[in-house]
Number of protein chains: 2
Amino acid sequence: MPPSRREELIETAMNVFYREGFNCTGIDRVLREAGISRMTLYNHFKSKDELIVAALRRRDELFRNRMRNFIESAAKDPADRLLAAFDFNAQWFASDEFNGCMFLNATSEFADPDCAIRRTAADHVRAIGQYILDLCRAANLRDPETIARQLHILLEGACAKAHAMDQVDASPEAYTETISAAKAAASALIDAVRPQTA
Amino acid sequence: MPPSRREELIETAMNVFYREGFNCTGIDRVLREAGISRMTLYNHFKSKDELIVAALRRRDELFRNRMRNFIESAAKDPADRLLAAFDFNAQWFASDEFNGCMFLNATSEFADPDCAIRRTAADHVRAIGQYILDLCRAANLRDPETIARQLHILLEGACAKAHAMDQVDASPEAYTETISAAKAAASALIDAVRPQTA
DNA sequence: ACTGGAATAGACCGATCGGTCTATCTATTC
DNA sequence: GAATAGATAGACCGATCGGTCTATTCCAGT
């Protein structure tokens, strides 16, 4: 079964909106790239905002699956998995398609904190935070809520900084320096709250 | 001497663009709030983009002055000043006007990494990083470049997370938990690279 | 072969946008 | 008081936007 029109629309919207932004990108841009007609879109979605929410939900699903797969195949020990999250970010930042965190971007583009788009973005950030917390608990770290928050902040901060510093004349190792500093910080913070093992 | 039309324009643009975003906010919105006519704007600036750059430069100046004043009046010891940066963020996040980092917002709103707006935003982020580095050097911390990068990431990350989580139904202490976790992380990281004093 | 639901192209709408232009007014300066 | 420079209101432009509507085509189920 080929993917439905609806699925293709969401997939294309996700890619285009991530690459070129939300407000600056017209509906026609998405339709042209997807090879789908105008009315088909409005048969499936009430508005552009609804399409954006669907695109964000899809991205959330895709991103978290990729992150989870990367981390769980990179390490078995929960504490090592926490560090692997930074390796995941490292390869993400270095990829050509990197354009910051799509959900932080959405947060920046829509001023109303309580619109559906912002709430969807917040859901993603919360879900990432919850995953990190789960890993912290699995690693038996002391005060898992606090260390989870700290690691989450390091991941988001590295992403935001890498995005903001992204210029053509920027040295490629700027990414590396940022994310490796974040990882080193994470490592030190984790070590300080490890359970006292034998 | 009353502020010139140009100054008033920049001031108003800075506030409006921060509050309501760049792309979503029309030129007319700024002009109406400033009580200034259309042609006056285009006599002083070639385009909306130029006004945005000027607004960002002004915000950069204002923000860094406020940050510096807060920090330098909060503590004398350089290491304490580094921690005071987190207190500065705490009161910023809690203020009514908080709408994320204007420069991360600008980065998210403009897709071209090499446009003047993105470069201006990157300049600000770099300047903040430099200030933190200066404090790390003054504090005689070991490997000041790395610890400075880490603290910078914590500050930006806390800001991004606080912004993304900002909903009306969010508990007010969400801010506090985020920034205080970041500060605790900063404190631990700093302690690990302090010069061995008597 | 017929039918019904879905997708198509593309005209169309009202609104808004960034930017230009003109004509009028005001205030300083000589 | 004339002249010059800057600010004003507001019409105006072409382009683009999100969204609607229609008429046509395609294709699967019976």
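The chains referred to below are lettered A, B, ... by the order of the sequence lines, with proteins before strands, and numbering in each begins at 1. Computation of the quantities below employed the complete heavy-atom set of this structure, encompassing side-chain atoms and omitting hydrogens, waters and symmetry-equivalent molecules.
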### Task
Round to a whole Å and report the spacing from CD1 of B:Ile36 to P of D:dG10.
16 Å
## Note on the structure
note: B:Leu41, atom CG; D:dG6, atom C1'; distance rounded to Å ~ 15 Å
### Message
At 10 degrees resolution, what angle do the end axes of the helix from C:dA1-D:dT30 to C:dC30-D:dG1 form when each is taken over five base pairs?
### Response
10°
### Query
In chain order, what residues pass the side-chain hydrogen bond (donor to acceptor under 3.5 Å, both in side chains) check against A:Arg6, with sequence neighbours excluded?
none
### Query
side-chain hydrogen bond (donor to acceptor under 3.5 Å, both in side chains) with A:Arg38: which residues, sequence neighbours excluded?
A:Asp28
### Task
Round to a whole Å and report the spacing from CZ of B:Arg5 to C1' of D:dA5.
15 Å
### Message
As a quick check of understanding, evaluate salt bridge (charged side-chain N to carboxylate O under 4.0 Å, His left out) for B:Asp191 and B:Arg194, giving each step before the final call.
### Response
CA-CA 5 Å; B:Asp191 283 343; B:Arg194 272 186 203 278; 2.7 Å; yes
#### Entry: With sequence neighbours excluded, residues passing side-chain contact (heavy atoms from CB on, under 4.5 Å) with B:Arg19
B:Asn15, B:Val16, B:Arg29, B:Glu33
### Message
Once salt bridge (Lys or Arg N to Asp or Glu O under 4.0 Å) is applied, do any residues pair with B:Asp49, and if so which ones, sequence neighbours excluded?
### Response
none
Provide a list of protein-nucleic acid N or O atom pairs under 3.5 angstrom, restricted to nucleotides 16-18 of chain C.
| residue | atom | partner | partner atom | Å |
| --- | --- | --- | --- | --- |
| C:dG18 | OP1 | B:Lys48 | NZ | 2.5 |
| C:dG18 | OP2 | B:Ile27 | N | 2.8 |
| C:dG18 | N7 | B:Arg38 | NH2 | 3.1 |

### Query
How far apart are the closest heavy atoms of B:Cys24 and B:Glu20, and which atoms are they?
CB-O, 4.1 Å
### Query
Is there a side-chain polar atom (N or O) of B:His44 under 4.0 Å from OP1 or OP2 of D:dG6?
no
### Message
Tell me whether the rings of B:Phe93 and B:Tyr175 are parallel (<30°), tilted (30 to 60°) or perpendicular (>60°).
### Response
tilted
### Message
Checking B:Tyr18 against B:Asn105: is there a side-chain donor and acceptor pair closer than 3.5 Å?
### Response
no
### Query
Hey, can you pull the residues of residues 6-16 of chain B with a non-hydrogen atom under 4.0 angstrom from DNA chain D?
none
Got a list of side-chain donor-acceptor pairs under 3.5 Å for residues 131-141 of chain A, not counting sequence neighbours?
| residue | atom | partner | partner atom | Å |
| --- | --- | --- | --- | --- |
| A:Asp134 | OD1 | A:Gln130 | NE2 | 3.0 |
| A:Arg137 | NH2 | A:Glu145 | OE2 | 3.0 |

### Message
Looking at D:dT8, I'd like to know if its phosphate oxygens (OP1 or OP2) sit under 4.0 Å from a side-chain N or O belonging to B:Ser37.
### Response
yes
### Task
Could you tell me which non-hydrogen atom of A:Glu50 sits nearest to which non-hydrogen atom of A:His44, and how far apart they are?
OE1-O, 4.5 Å
Set out, line by line, the N/O atom pairs under 3.5 Å between protein and nucleotides 22-27 of chain D.
none

### Task
List in chain and number order the residues that pass ring-ring contact (aromatic ring centres under 6.0 Å, His included) with B:Phe88, two or more places apart in sequence or in another chain; answer none if no residue qualifies.
B:Phe63, B:Phe70
### Query
What residues form a salt bridge (Lys or Arg N to Asp or Glu O under 4.0 Å) with A:Arg118, not counting sequence neighbours?
none
### Query
Is A:Thr40 near enough to C:dT8 that one of its side-chain N or O atoms lies under 4.0 angstrom from OP1 or OP2?
yes
### Task
Tell me, please, which residues at least two apart from A:Arg32 pass salt bridge (Lys or Arg N to Asp or Glu O under 4.0 Å).
none
### Summary
Between CG of A:Leu31 and P of C:dA7 the distance, given in whole Å, is 13 Å
